Every structure is written in C-alpha cells, then in structure tokens.
Number of protein chains: 4
Amino acid sequence: MARLAGSNGKATAKAIHKHSLELIARHGFAAVSMRMIADAVGVQPGALYQYHPTKQALLLDIMQKHLEALLQAWVKESQTELPAIEALERFARFHIRYNIKRPDEVFIAYMELRSLEPDEFKLIEELRRQYEDELKKIIAKGIKENSFKVEDAHVTAMATLAMLTGINTWYRSGGRLSQKKIEDIYVNMVLRSVGCERE
Amino acid sequence: MARLAGSNGKATAKAIHKHSLELIARHGFAAVSMRMIADAVGVQPGALYQYHPTKQALLLDIMQKHLEALLQAWVKESQTELPAIEALERFARFHIRYNIKRPDEVFIAYMELRSLEPDEFKLIEELRRQYEDELKKIIAKGIKENSFKVEDAHVTAMATLAMLTGINTWYRSGGRLSQKKIEDIYVNMVLRSVGCERE
Amino acid sequence: MARLAGSNGKATAKAIHKHSLELIARHGFAAVSMRMIADAVGVQPGALYQYHPTKQALLLDIMQKHLEALLQAWVKESQTELPAIEALERFARFHIRYNIKRPDEVFIAYMELRSLEPDEFKLIEELRRQYEDELKKIIAKGIKENSFKVEDAHVTAMATLAMLTGINTWYRSGGRLSQKKIEDIYVNMVLRSVGCERE
Amino acid sequence: MARLAGSNGKATAKAIHKHSLELIARHGFAAVSMRMIADAVGVQPGALYQYHPTKQALLLDIMQKHLEALLQAWVKESQTELPAIEALERFARFHIRYNIKRPDEVFIAYMELRSLEPDEFKLIEELRRQYEDELKKIIAKGIKENSFKVEDAHVTAMATLAMLTGINTWYRSGGRLSQKKIEDIYVNMVLRSVGCERE
DNA sequence: TATGAATGAGATTTCATTCAT
DNA sequence: GATGAATGAAATCTCATTCAT
C-alpha cells in the first residue's frame, strides 16, 4: 500500500544487507531468490528494488563492502616498521581474527566471484589483489631480510592465504579449541612453513 | 521423433557427464539449467532424463564418482609401510597431481555440498571424511614416530589440505612454474609446517 | 519531505502536461509509466497524484483539452456565410496549420482512443464527432449549391479528413517543402477530389 | 505437465498468430500480456516461448508476415504495361480490397511501429517503403504520360495512401455501403484528386 | 506541495520435468 | 534412445498507487 508508519529506509537497508548475507552464504547467490530475502527482511519483494537496482547489484554491494572494510581494517592494524617475522605473525593473527568473525562475507567473496559480471569481477579482483599484495610485501621483506627460507614469494603467499582462510571451512565457534589456541597453532604452522623456527 | 540413426547411449552418457562438469564448475549448479546442458551435449532437454532421474541426481553422480575415484587412486598409490615423512610427501605429491588435472571435479566437490539434499550430503561427506582420514593417519603416525612437531593432528590435517587444495585457485597450466616445481615447493612448505626439516 | 522552496503548483502542472504529451506520443500510453513521467518532470511519482487522480485521468485530460481547443479554434476561424468552396479551402488550411503544429496531441487523440474507459471514450468521441460535423456541413452545403460533385457526403468527409490528417505521418518541419506549399498542394487535391476544378 | 495427446505444433503456431493479431489490434501491443494471448490460445504462457523467443519477436513476426504478403499479393495483381490511369485504379481497388479484409494487420503495421526495436523498425520500414514505391511509380508514370495533373509526386502518393488506408478507420462490413460501392467512390475521388476526370 | 518508503498485483521469461510419439 | 510439445511453478523486475511525514 503505502509507507508504513514507522518504516525507515536506513533500517531496511541494513536488514537487507544482513539477511542477504546469511542467505547467500548458506544457499549460494543463484539459489537465493529476491522473495526469500524479502521474506527474511519482512517486506514485499518489490521493496528491495528501492535499495538495489538489480539482484546482481545487491551481490556486488555485499562483496565490495566486505573487501573494502577488510583492507581498511588491515591498514589500521598493520605497522610498516615491523621486522618480517613479526609482521607475518601480525598478519596471520589479523586475518584469522577478522575472518573467523565474518564467515559469511568471506565465503561469499570467494564463492560468488563467478556470479559477477565482467566489470564487477574486475573491481572485486582488484580489491582482492590489493589485500594479497600486503602479504606478498611481508614475504618479500622476509626474504630480503634473510629471515624466511622460501622457494617462491608468490606461491608462498597463495599457500599461506589458503591455509589461513581454510579455517573457515571447519571452524565452529564453541568447538574443542579456543580461538586463541587456533591462532597460535596456525601462526606456528605458517612461520615454520616459511622456514623460520621460533623456540 | 524416434531414436536417431547413430545415436548411442554410452556416448551420450559420457557427453552429459563431461559437459555438466564444465558448466557446473563454471557457473555453479543452481545457475546451470538442464537446457544449457542439453544444448552443450546436442540433445533436447528431455533426453537427459534417460540418464539421470533428476537434476539433483546428476550432481550427486558427478560428486560421488569423483570422490570414489580419488579414494581408489590414493589406495593404489599409497604404501602402508612407509615412514611418516615419506608418506606425507607421497600424499602431498599425489594430491597435487591428481587435483591439478581435475580442477572442475575438485571445485564442484567443494562448492556444491550445499546443493545436496541431506541424504546425499551424508553420503558425500562420508567419502570426503575417508580421504581426510588418510592424511590424519599419516600425521598421527608422524607424531607417534616423533618425526613431526605439531600442536594438533586434526587442525594440522585441515590446514595442510587447505594449503594443497588451494593450488587450484591460482594454478593455470602453462604458467610460470612447471607442475614438478610447484610440487616441490609445496612439499617443502608442508614438511616445514609440520616441523620436519629435511637434509 | 515537505514542499520544496520554490516549488510551484502551476508550473508543475504544465510540466506534467508537456512531458506526458511527448512521452505518450512517442511510446504509447500503455508503455509510459508514471515513473517515466515523474523522471521527465523532475519529481517523485507520488507528486503526480496531486494533479491527476489516476493515470487514466491524465490521458483523458490531454485528449479532452486538445479536442476542445481544436473546436474552439475552428469556431473562431470559420465564417458561416462563406460559399462551400471557400469554406472547404478555409477548413483544409486551418486543419493542416493547426495539426501540423501539434503532432503529439493529434497522434494521441487518434491512437489512444482504445486506452479510454467506455465513459471517457463516449466523451471524446462526441467531441471528435462535433469536429467532423463541421466538415460534413461544408460538404453538404457544396452539394446543395451544386459546386461539389461527390457520391457520398459521409464517405467524402472521412476520406478528406484522412488525407489531411495523414500529413502528420510524413511531414517534418524544415523538410523539402514549405508549410505554405504543402497547404496549397493539399487544398488543390481536396478541391479536385470533390470535383471542383479551379483554374 | 507434458505433451498433450493430440497437441500439434503447427496448429498452435497458427492459433498464436491469430489471437495475437486480434488482441494486439484491439488493445495495443504494450497492453496485451503474454498471459492474455496464452489464455486465448488455450495454453500456458510458457508454451508461447516455443514459438517466439520474446514478445517483441512475436510482434515483428506479425508485421513482417503481413507486409511481405501484401507486397507479394500486389506483385501478382499488378500489370506493368498498363496506362497510368488504369494502373492507379487497379492499385486503389487492390489496396482497398486487400486492407478491408485485414483490418487488424493493417492497424498493427501502422500503430505499432513505435513498439519495434531500431533494427526491427528498419526492416519493417524498408518493406513499407517498397509498397509505397509501387504507388509512386504509377504516379510518376501518369505525370510523364501527361494523364495526371499533380503538384508533387511524393506528396500525392502519401495523400492517396492516407485516404485509401483511412477507410479502415470507419468501415464496418455490413454497413450502409457495399464494398463495391465504396471502392467506386474512392476510385473516383482518387482519380479526380490527381486531376484526371472520367466521364 | 512534495518526498520517501512501501504495497500488492502483475509483467516477461525461465525452469525442471513429463510424456505421446 | 530421443524429440517435440507442453505444464505448473517460480524467477526477476516493474507498475500504479498509497500515505506518513
């Protein structure tokens, strides 16, 4: 009918974001219908189009916001003057902590790349590349400092990221291991894998 | 119309498998229609139902066949009496070699779990668990033999698999590094990450 | 929000009329949405309902205003005491001149009759009939005066109107022929077609 | 569900054509929904897409088929060696007879030009131009033969066509005048309008 | 006088699936 | 073994309209 008493654009926008996130992470973008999202939000499907012109645009918004927030959070956390070993540890801990709290965003950013149109894909890939570069820079520094013993900087970065991000495939909060413990285990594995033993 | 001269069930079955694989890997199960598959195969959509009772069954068939073949291939390759270090190296090399040749199957087996019905999911999860157990056994052995220094057998197995399977996210045949070289780099990282330095 | 500083009802009403006219003429009533009109005017769709209770009413307003203005203009132009030949020429020149300046109104009045509700249709048809009757009266007079040689007054009127109104289907201002020249050509054709030669 | 016993593609295609024609002529292309057509035909809306890939394509098909049939019919009817006066009469009679039997096609071909996409429009315009050229050739011949007295060949052709096609706006079969009588009246008006008196 | 948020209905189109042939 | 014709349901998106603000 019309505008409901008490209805509020900002609140609806947030609700759409939240429920899209959950639904797309659980079922996949292609398997989630606008009706499902609308039902979750508590509006009619047509109302969604006040906030995103297409279903695609909704997906792009989710991915873009996530990656931009990730980058910004790392920029805040990182310290340029750190030795490579400490920088790597800091990166690993940051990555685990940030991602473990946002499993849906992380999952979507990785799984739904194929659902993007070419231009959208380029945009997201660029953001992802920027984040990967942060790790590559640390590894390159470690090599130059002679603190890391690795065969190939690029391969090492990819392998490290895969390992760290992989936590999300099995971690459930409240499980056998505390988050802190998991962080420690992974940090040790990562450091050993780049050939730097800590006693 | 009736059966076309020269039409052949076995060939059609294979073609369906091949094209489903490619299409589902590229676009995702939910985004692939039976018509798309039929077009790729060169038949009418109805013909697909001679080979798989539903679209779901087609997906299950693909995933099940892949995991069973993977397990069987590993059984053939593995040697029970090997020391853990060598067994881990053998496993890593096997995993890389096998998966790098079958990116579509691997991708689907990982990505489309959520597209399965509960019963189908249980079946596939059981196969996946069997494969993971092979790696866990090796790690457990290494711990008992005192050749590995790891904090947690389960976490180590998960992290190792994530690292190895992650190759598929960036590897393109004909790239900068030969497959052999990649194998070597990853084997070294894996061995170092479980705390066992070689030479 | 509330009324914008500088917003002005009269100006908005005029803008709605102008842009509706253009859009409906170009795309057809059914193909024009209230949103399209609102965008062209530069307001939100809801604002249109301050001026017309429904989309239908907007269309009726356009058609009615046009036909009433046409009739009034002819009343002003016509002179009852003229001989039929001169009256016919005057009518033809008037019709061409008036319509050639208002292609959108003419087009809509003819094309969108079917978009009207029965009652609206009756109202518009009555206005149109009044205008046709003006021509029929002239032709009847010419027959009585023996200055026209035609087989059927009604058919002649219909044919003449079709011919004259047809100009709008091909005329573009600034074309090969001046408006004056077109008028002359058509007047000659019309007069000849009712069998009255002028030397 | 599935193919119905006795269902037949050719018959359905014809039914779609017939009912689309009627509905679009009555309500206009934009105001006719695929569901309306499907209901008239007696199938589900989806079934229409076995015959035309889009609603647009259905419209184009109707217009193109009509204009091609019109041209072909005229080619069959025309005789190149006729004097211009007789050729014009023959054209006028053909046009009236052909169009009076197909009011829906004629109406759509004229009214729905604006519903076409640019490429479709070009295609239809070209066919329409070919038909107009047939009349223009006759008029040009009459001018060269000195049997017509007209000011401008193009304008005369346009005016003549408008007059003739205009019959469809008021003619209803079974009305006051027989079709033969209407033909005669219009032929006389047309001939007089090009300045050629017949006694 | 106008906006901003929403509705409920309906538009075109696609889909998995069926089954007579 | 495969086609050709169709279904019934659902998808994305648009629309006229409403009404609190």
Side-chain angles (χ1 to χ4, degrees), chain A residues 1-13 30-36 38 42-51 53-56, chain B residues 1-13 30 32-36 38 42-51 53-56 58, chain C residues 1-13 30 32-36 38 42-51 53-56 58, chain D residues 1-13 30-36 38 42-51 53-56:
Chain A
M1 190 113 354
R3 182 173 187 173
L4 297 180
S7 80
N8 170 276
K10 281 246 173 74
T12 306
V32 171
S33 72
M34 294 303 263
R35 181 163 297 278
M36 282 165 76
V43 294
Q44 293 296 315
L48 301 178
Y49 291 84
Q50 290 245 335
Y51 300 89
T54 61
K55 195 189 170 197
Q56 283 285 328
Chain B
M1 216 173 291
R3 181 174 180 176
L4 287 180
S7 80
N8 172 280
K10 280 250 173 67
T12 306
V32 171
S33 70
M34 294 301 263
R35 185 162 297 276
M36 281 166 77
V43 296
Q44 294 296 315
L48 302 178
Y49 290 82
Q50 303 273 346
Y51 299 89
T54 62
K55 194 189 171 197
Q56 282 286 329
L58 203 172
Chain C
M1 219 172 287
R3 181 176 182 174
L4 286 182
S7 80
N8 171 282
K10 279 253 172 69
T12 306
V32 171
S33 70
M34 295 299 265
R35 183 162 298 276
M36 281 165 78
V43 296
Q44 293 296 315
L48 302 178
Y49 290 83
Q50 304 272 347
Y51 300 88
T54 63
K55 195 189 170 197
Q56 283 286 328
L58 204 172
Chain D
M1 189 120 346
R3 183 175 186 171
L4 297 180
S7 80
N8 171 276
K10 282 245 173 73
T12 306
V32 170
S33 72
M34 294 303 263
R35 181 163 298 278
M36 283 165 76
V43 295
Q44 293 296 314
L48 302 178
Y49 290 83
Q50 290 245 334
Y51 299 89
T54 61
K55 196 190 170 196
Q56 282 284 330

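Owing to the predicted nature of the structure, the values given are computational and were not obtained by experimental measurement. Just so it is clear: chains get the letters A, B, ... in the order the sequence lines come, proteins before strands, and each one is counted from 1. The basis for the numbers below is simple: all heavy atoms, side chains too, and nothing from hydrogens, waters or symmetry mates.
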### Query
Quick one: is B:T12 getting a side-chain N or O under 4.0 Å of the F:dG1 phosphate, OP1 or OP2?
no
### Task
Decide yes or no, distance alone: a donor-acceptor N/O pair under 3.5 angstrom between the base of E:dA6 and the side-chain of A:Q44.
no
## Note on the structure
Testing F:dA5, F:dC13, E:dA16 for proximity to the side chain of A:K55, the answer is F:dC13
### Summary
5'-most contact on DNA chain E (nearest-nucleotide basis), B:P53 vs A:G42, goes to A:G42
### Message
At less than 4.0 Å, is any side-chain N or O atom of B:Y51 found next to OP1 or OP2 of F:dG1? Yes or no.
### Response
no
### Query
Atom CZ of C:R35 to atom P of F:dT17: distance rounded to whole Å?
13 Å
### Task
Nearest whole angstrom, please: distance from the C1' of F:dC19 to the CE of C:M34.
16 Å
### Message
Using the side-chain contact (heavy atoms from CB on, under 4.5 Å) criterion, which residues pair with C:A47? Sequence neighbours excluded.
### Response
C:V43
### Query
Looking at A:S33, does any N or O in its side chain come under 4.0 Å of the phosphate oxygens OP1/OP2 on F:dA11?
yes
### Summary
Residue set satisfying side-chain contact (heavy atoms from CB on, under 4.5 Å) with D:A13, at least two apart, ordered chain then number -> D:Y51
### Query
Which ranges of DNA chain E pair up as stems, where a stem means three or more consecutive Watson-Crick or G-U pairs with both distances under 3.5 Å?
E:2-21 with F:2-21
#### Entry: Among F:dA6, F:dT17, F:dC13, the nucleotide that comes nearest once only the side chain of A:Y49 is considered
F:dC13
### Task
Using side-chain contact (heavy atoms from CB on, under 4.5 Å) as the criterion, list what pairs up with D:A31, not counting sequence neighbours.
C:A30, D:H27
### Query
If you look at every heavy atom in A:K55 and A:V32, which pair is closest and at what distance?
NZ-O, 2.8 Å
### Summary
Residue pair C:L48/B:V32 against DNA chain E: nearer the 5' end by closest nucleotide is C:L48
### Message
Just the rounded figure in Å: distance from C1' of E:dT1 to CD of C:Q50.
### Response
5 Å
### Task
Look at B:T54 and E:dA16 and indicate whether a side-chain polar atom (N or O) is within less than 4.0 Å of OP1 or OP2.
no
### Message
Reading DNA chain F from 5' onward, which residue's closest nucleotide shows up sooner: A:Q56 or C:Q56?
### Response
A:Q56
### Task
Choose from E:dA2, F:dT17, E:dA16 the nucleotide whose nearest atom is closest to any side-chain atom of C:A47.
E:dA2
### Query
Taking the side chain of B:V43 as its heavy atoms from C-beta onward, which of E:dA16, E:dT13, F:dT3 lies nearest to it?
F:dT3
### Task
Let me know, please, whether A:G46 or B:G46 comes out on the 5' side of the other along DNA chain F by nearest nucleotide.
B:G46
### Query
Taking only residues two or more places apart in sequence or in another chain, which ones pass side-chain contact (heavy atoms from CB on, under 4.5 Å) with C:Q56?
C:F29, C:T54, C:E117, C:E120
